Amino acid sequence: MLATNSFEQGLVRLSNKATLVVFGIVNFILLPLALINRFTIPVLLLSSLLLPLIFYLNKKGKHSHARHFLLILLYGIMLLISLIRGLDSGILFLSIPTILLAHIFFYRTRSSYIHLTVLVLLILFVLAMSSLQEPLQPYPPHVLTVVYPIYLLIAITLTSIFADFFYSLARQYQKELLKLNSTQTKLLSIISHDLKSPLNSLLGVLSLVNNKLLSQQEFYQLTGKLERQATLLNATLNNLLLWSLSQMQGIKPRPESLSLQTLIPEVIGLLKPLALQKGVSLSHELSPGLTAWADYQHLHLVLRNLISNAIKFTPAGGSISIGCW
């Protein structure tokens, strides 16, 4: 899930950067031309009025709509400039980064194949029209020496954005992999530390029973200790499960109104055997009618950890009081 989120965020940044490049460079070229040539005005309006909508759609979380819209606008810009200015303008250089955008935006989905098909048909149509008729307003030869390299620059710039996209994505994946490895190391450390002691106690008693080294009376005397060890083991496993899932974003909080007069005594009852084993007394004082707006499992986990640590670091014969007013 972490990787999926990073990829989606990368696609949003990619679409915004591509929009900014096309919007900035195309408008930079067409604005002065629109002042002296009416044929340029439709392309300028298409770029100036519609491209900013992509930023708006991304801001509103409609990322898929923004990507479709960007590709459609690129098709429109290529078609209009090809019909007005002809292929000598070099506008079809944009077809290469547009193909890459369609492929990355909708990788291995039906939308990807649809966009690629539309783009191929568009290119074939432009090539056919250019062979059948002259453009409406071809560039003069001296202007071509400027315009042609500019569209080539747009294509190169967009392609460099793709390279930056994959580089940033690779670095993000590397960071997340290191984070997951760190989580795994912490998990193994907790397992070896917090589970080893109760498991050893259980295995030791079971070994004595199997080897008939314990009398029935002695076994009954140990059942209380076994129950406390099993309770502690179960609480530790629950803590580990919730913690590992939260680290991997596998659970989401579901807050609700919780009665603290029910929840806190429940947690205390779970950990009381551990406190009695150490000779620590547990008590609580709660005002009536207290509630908390929280996720049950998360709050239960937090309280268990707090009280467990309090028991762990309270000397034998000490006392722990939980109060809430």
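On a predicted model such as this, the values are computed, not experimentally measured, just so you know.
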Q: Would you please classify the geometry between the H115 ring and the F106 ring as parallel, tilted or perpendicular, with 30° and 60° separating the classes?
A: parallel

Q. Shortest non-hydrogen contact from Q261 to L286?
A. CA-CD1, 3.8 Å

(Q) With clusters defined by side-chain heavy atoms of hydrophobic residues (ILVMFWY) lying less than 4.5 Å apart, directly or transitively, does Y296 cluster with I268? (A) yes

Q) Which heavy atom in A294 sits nearest to a heavy atom in L258, and how many Å separate them? A) O-CD1, 3.5 Å

Q.
Working to the nearest 0.5 angstrom, can you tell me the gap between L73 CG and T98 OG1?
A. 11.0 Å

Q: Answer with yes or no whether the hydrophobic clustering places L71 together with Y107; edges join I, L, V, M, F, W, Y residues whose side-chain heavy atoms lie under 4.5 Å apart.
A: no

Q | L11 vs R67, side-chain contact (heavy atoms from CB on, under 4.5 Å): CA-CA, chis, key distance, verdict | A | CA-CA 9 Å; L11 289 180; R67 292 163 200 164; 3.3 Å; yes

(Q) Let me check something: do L74 and V120 share a hydrophobic cluster, defined by ILVMFWY side-chain heavy atoms less than 4.5 Å apart, either directly or through other members? (A) no

Q.
If I compare all heavy atoms of T314 with all of S319, which pair ends up nearest, and what's the gap?
A. CG2-N, 4.1 Å

Q.
What's the separation between atom CD1 in I322 and atom CD1 in I307, rounded to the nearest 0.5 Å?
A. 4.5 Å

Q) Given the rule that I, L, V, M, F, W and Y join up when any side-chain heavy atoms are under 4.5 Å apart, are L101 and I114 in one cluster? A) yes

Q | Heavy-atom closest pair, residues A102 and L116 | A | CB-CD2, 4.2 Å

